[in-house]
K.L.:
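This structure is in structure tokens; I'll ask about it shortly.
Model, not experiment: these values are computed from the prediction.
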Amino acid sequence: MKVLVVGSGGRCHAIVEALSKSAQVDKIFCAPGNAGIAALAECVAIKETKVEELKAFALEQGVELTVVGPEVALEAGIADAFKAAGLRIFGPTKAAAQIECSKQFAKDLMKKYDIPTAGYETFEDFDAAFEYVKAGSLPTVLKYDGLAAGKGVVIAETLEQAEEALRDMLQDEKFGKGKVVIEEYLEGPEFSLLCFVNGKDVYPMPVAQDHKRAFDGDKGPNTGGMGAYTELPFITDEDLQYAMEKIMRPTAAAMVEEGCAFCGVLYGGLMKTQNGIKVIEFNARFGDPETEVILPRLTSDMCQVFCDVADGKTPVIEWDDQATLGVVLASKGYPGSYDKGFVIEGTEAVDGSIYHMGTALKDGKYVTSGGRVMIVVCKAPTLREAQQKAQAEVEKIKCENLFHRTDIGDKAFKY
């Protein structure tokens with residue numbers, strides 16, 4: 001089978017690696033891919049949002065399965081275009097992807113179908129939004145309504161922070177023209193529950209926890225994710241059952257009811273509060289960096305799982321019981337501005353998996369070409385062992401312009 005993976009980051013590297021283990025797959029294309037993915041797949045120089053070019057390529061090459069990584073491709077309507085052309089694609093339609101692409105759509109859906117989430121209001125006008133914040137309590141959560149590459153959420157602890165964030169989003173249109181959703185602030189440990197979904201059929205993956213802040217101790221600005229791990233001791237079987245029965249399955253059923261049935265990966269960004277588990281956000285695709293710690297635990301055939309879910313069949317999905325932990329190496333300055341082109345050495349010495357996020361090849365050597373550059377993932381029988389191993393292995397990578405957190409996974413031992 002020929003398979004096309006759309007995307008370029010660490011998530012797509014992990015998907016390509018999982019597909020490469022399938023006996024059914026004899027050729028993988030990745031558009032546009034990256035320097036690390038190139039070792040496993042043929043990289044094709046087509047941007048994720050060039051839907052018509054991607055469709056033409058898939059038809060010309062006889063691609064039998066396309067897997068979509070990033071949300072920008074889903075928002076561009078790639079699933080709709082491929083399905084209309086008779087191509088099998090794993091990923092939701094543009095209408096279904098609204099659950100991620102519009103915070104207001106997601107919040108209104110949850111309100112209508114009584115899915116537990118934080119209270120909220122939506123604003124287009126700066127003055128009205130700021131008056132609402134002033135009349136409420138702090139901290140408060142401000143979310144840009146559209147896509148913002150994981151950077152459109154601000155937890156404002158002061159009125160000054162709230163004012164600055166609202167100006168960024170509504171007056172200066174930092175992420176484009178859009179609305180802002182203002183939510184009540186919830187407290188508790190966050191976790192990610194990713195599920196394979198087709199219509200009302202929902203199949204959970206192992207839960208994971210992402211680390212959004214740039215620096216140790218959850219300090220610094222929000223990023224696209226600085227590390228993740230699976231095996232969360234503070235999430236019980238009862239918690240998982242509640243999340244499935246009260247959140248994930250009802251959300252999938254609600255999408256069917258609304259006429260935009262979901263097919264692909266539905267990502268629940270959840271929080272275990274004192275008043276039960278609540279939704280922080282939904283994504284319409286694999287999370288990054290959660291994918292890089294979840295997929296290495298899959299023992300089933302990845303290609304078969306994708307095909308079965310896309311075709312509406314019941315997939316066989318089995319996981320090993322190892323803990324996995326990944327540490328992201330990012331360019332100094334990220335998530336702000338950063339320099340590129342620094343040589344990366346020592347990757348061949350790492351005893352673990354390395355998924356490339358933002359690298360390029362220059363004169364036969366890997367160099368930095370993005371904000372998040374790569375993630376080192378290690379597996380072990382216990383989370384503590386996986387943490388110790390990953391922290392030891394990441395130190396083997398040498399590059400003068402990279403930094404990483406040293407406390408990924410520490411939260412697991414606090415609850």
K.L.:
Whether E257 and K200 form a salt bridge (side-chain N of Lys/Arg under 4.0 Å from carboxylate O of Asp/Glu) is what I want to check.
P.N.:
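Looking at E257 together with K200, the answer is no, because their closest N to O distance does not fall below 4.0 Å.
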K.L.:
Do the side chains of F191 and I277 get nearer than 4.5 Å, heavy atoms only?
P.N.:
yes
K.L.:
Can you tell me if T324 and R297 form a side-chain donor-acceptor pair at under 3.5 Å?
P.N.:
no
K.L.:
Looking only at the side chains, is there a donor atom on one of Q209 and Y229 sitting less than 3.5 Å from an acceptor on the other?
P.N.:
yes
K.L.:
Check the pair D301, V316 against side-chain contact (heavy atoms from CB on, under 4.5 Å), reporting the backbone distance first and the verdict last.
P.N.:
CA-CA 8 Å; D301 184 313; V316 174; over 6 Å; no
K.L.:
One thing to verify: whether R249 and E245 come together as a salt bridge, which I'm taking to mean a side-chain N less than 4.0 angstrom from a carboxylate O.
P.N.:
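Answer for the salt bridge query: yes.
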K.L.:
Assign the ring pair F29 / F57 to parallel, tilted or perpendicular, where the plane angle (0 to 90°) is split at 30° and 60°.
P.N.:
perpendicular
K.L.:
Please enumerate all residues that pass salt bridge (Lys or Arg N to Asp or Glu O under 4.0 Å) together with K94, with sequence neighbours excluded.
P.N.:
none
K.L.:
Does a donor on one side chain and an acceptor on the other come within less than 3.5 Å for T122 and K107?
P.N.:
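Distance-only check fails for T122 and K107.
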K.L.:
Taking all non-hydrogen atoms of both residues into account, name the closest pair between V153 and N222 and its distance.
P.N.:
O-ND2, 3.3 Å
K.L.:
Look up atom CD in E163 and atom CG in D168, then write down how far apart they are to the nearest 0.5 Å.
P.N.:
11.0 Å
K.L.:
State whether F413 and R384 meet the cation-pi test: NZ (Lys) or CZ (Arg) under 6.0 Å from the six-membered ring centroid, and within 45° of the perpendicular axis.
P.N.:
yes
K.L.:
Verify, without hydrogens or angle tests, whether Q161 (side chain) and A156 (backbone) share a donor-acceptor contact under 3.5 angstrom.
P.N.:
no
K.L.:
Name every donor-acceptor pair, under 3.5 Å, that has one atom in a side chain of residues 287-296 and the other anywhere in the protein, sequence neighbours excluded.
P.N.:
from: D288; atom 1: OD2; to: R11; atom 2: N; distance (Å): 3.3
from: E290; atom 1: OE1; to: D288; atom 2: N; distance (Å): 3.3
from: E290; atom 1: OE2; to: S192; atom 2: OG; distance (Å): 2.7
from: E290; atom 1: OE2; to: Y267; atom 2: OH; distance (Å): 2.7
from: T291; atom 1: OG1; to: G287; atom 2: O; distance (Å): 2.3
from: E292; atom 1: OE2; to: R11; atom 2: N; distance (Å): 3.3

K.L.:
Within a strict 4.5 Å, meaning less than it, do heavy atoms of the M244 and L193 side chains meet?
P.N.:
yes
K.L.:
Using a strict threshold of under 4.0 Å (side-chain N to carboxylate O), is an ion pair present between E164 and R167?
P.N.:
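No, R167 and E164 are not salt-bridged.
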K.L.:
Minimum heavy-atom separation for A129 to I182, with atom names?
P.N.:
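Shortest heavy-atom contact: O-CD1, 3.7 Å.
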K.L.:
Does Y120 offer a backbone N or O that forms a donor-acceptor pair with the side chain of E183 under 3.5 Å?
P.N.:
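Between the backbone of Y120 and the side chain of E183 there is no qualifying donor-acceptor contact (under 3.5 Å).
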K.L.:
Are the charged groups of D145 and K143 less than 4.0 angstrom apart, N to O?
P.N.:
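Here D145 does not pair with K143 in a salt bridge, since their nearest N and O are not under 4.0 Å apart.
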K.L.:
Quick one: are the ring centres of F130 and F123 less than 6.0 Å apart?
P.N.:
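No, the ring centres sit 6.0 Å or more apart.
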K.L.:
Just by distance, do the side chain of S102 and the backbone of F105 share a donor-acceptor pair under 3.5 Å?
P.N.:
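Yes; judged by distance alone, with no hydrogens or angles, the pair exists.
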K.L.:
Ring-plane angle category for F306 and F196, please: parallel below 30°, perpendicular beyond 60°, tilted otherwise.
P.N.:
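Answer is perpendicular, since the angle exceeds 60°.
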K.L.:
Determine, using ring centers only, whether F403 and F215 are less than 6.0 Å apart.
P.N.:
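Aromatic pair counts; centres sit under 6.0 Å.
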K.L.:
Please check if any side-chain donor atom of E190 sits under 3.5 Å from a side-chain acceptor atom of H211, or the reverse.
P.N.:
no
K.L.:
Side chains of N34 and T359: do they bring a donor and an acceptor to under 3.5 Å?
P.N.:
no
K.L.:
Check the pair T299 / D320 against side-chain hydrogen bond (donor to acceptor under 3.5 Å, both in side chains), numbers first and verdict last.
P.N.:
CA-CA 6 Å; T299 57; D320 69 28; over 6 Å; no
K.L.:
How close do Y185 and P139 get, counting heavy atoms only, and between which atoms?
P.N.:
CB-O, 3.2 Å
K.L.:
For a 4.5 angstrom cut-off between non-hydrogen side-chain atoms, does V3 reach V63?
P.N.:
no
K.L.:
Scan side-chain atoms only and decide if D80 and T93 contain a donor-acceptor pair under the 3.5 Å cut-off.
P.N.:
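Side-chain D/A pair, D80 to T93: absent.
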K.L.:
Provide the closest heavy-atom pair for A252 versus G199 in the form atom of the first, atom of the second, distance.
P.N.:
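Shortest heavy-atom contact: CB-O, 3.4 Å.
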K.L.:
Nearest heavy-atom pair of T382 and A323: which atoms, and what distance?
P.N.:
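Scanning both residues completely, I find the closest heavy atoms to be C-CB, 3.6 Å.
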K.L.:
In the structure I gave you, are the side-chain heavy atoms of Y113 and T251 within less than 4.5 Å of one another anywhere?
P.N.:
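No, side chains not in contact.
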K.L.:
Identify whether the distance between the nearest side-chain nitrogen and carboxylate oxygen of E345 and K365 falls below 4.0 Å.
P.N.:
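K365 and E345: salt-bridged.
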K.L.:
Can you find a pair of side-chain heavy atoms, one from I344 and one from M374, that are under 4.5 Å apart?
P.N.:
yes
K.L.:
In terms of side-chain geometry, is the basic nitrogen of D218 or K411 positioned less than 4.0 Å from the acidic oxygen of its partner?
P.N.:
yes
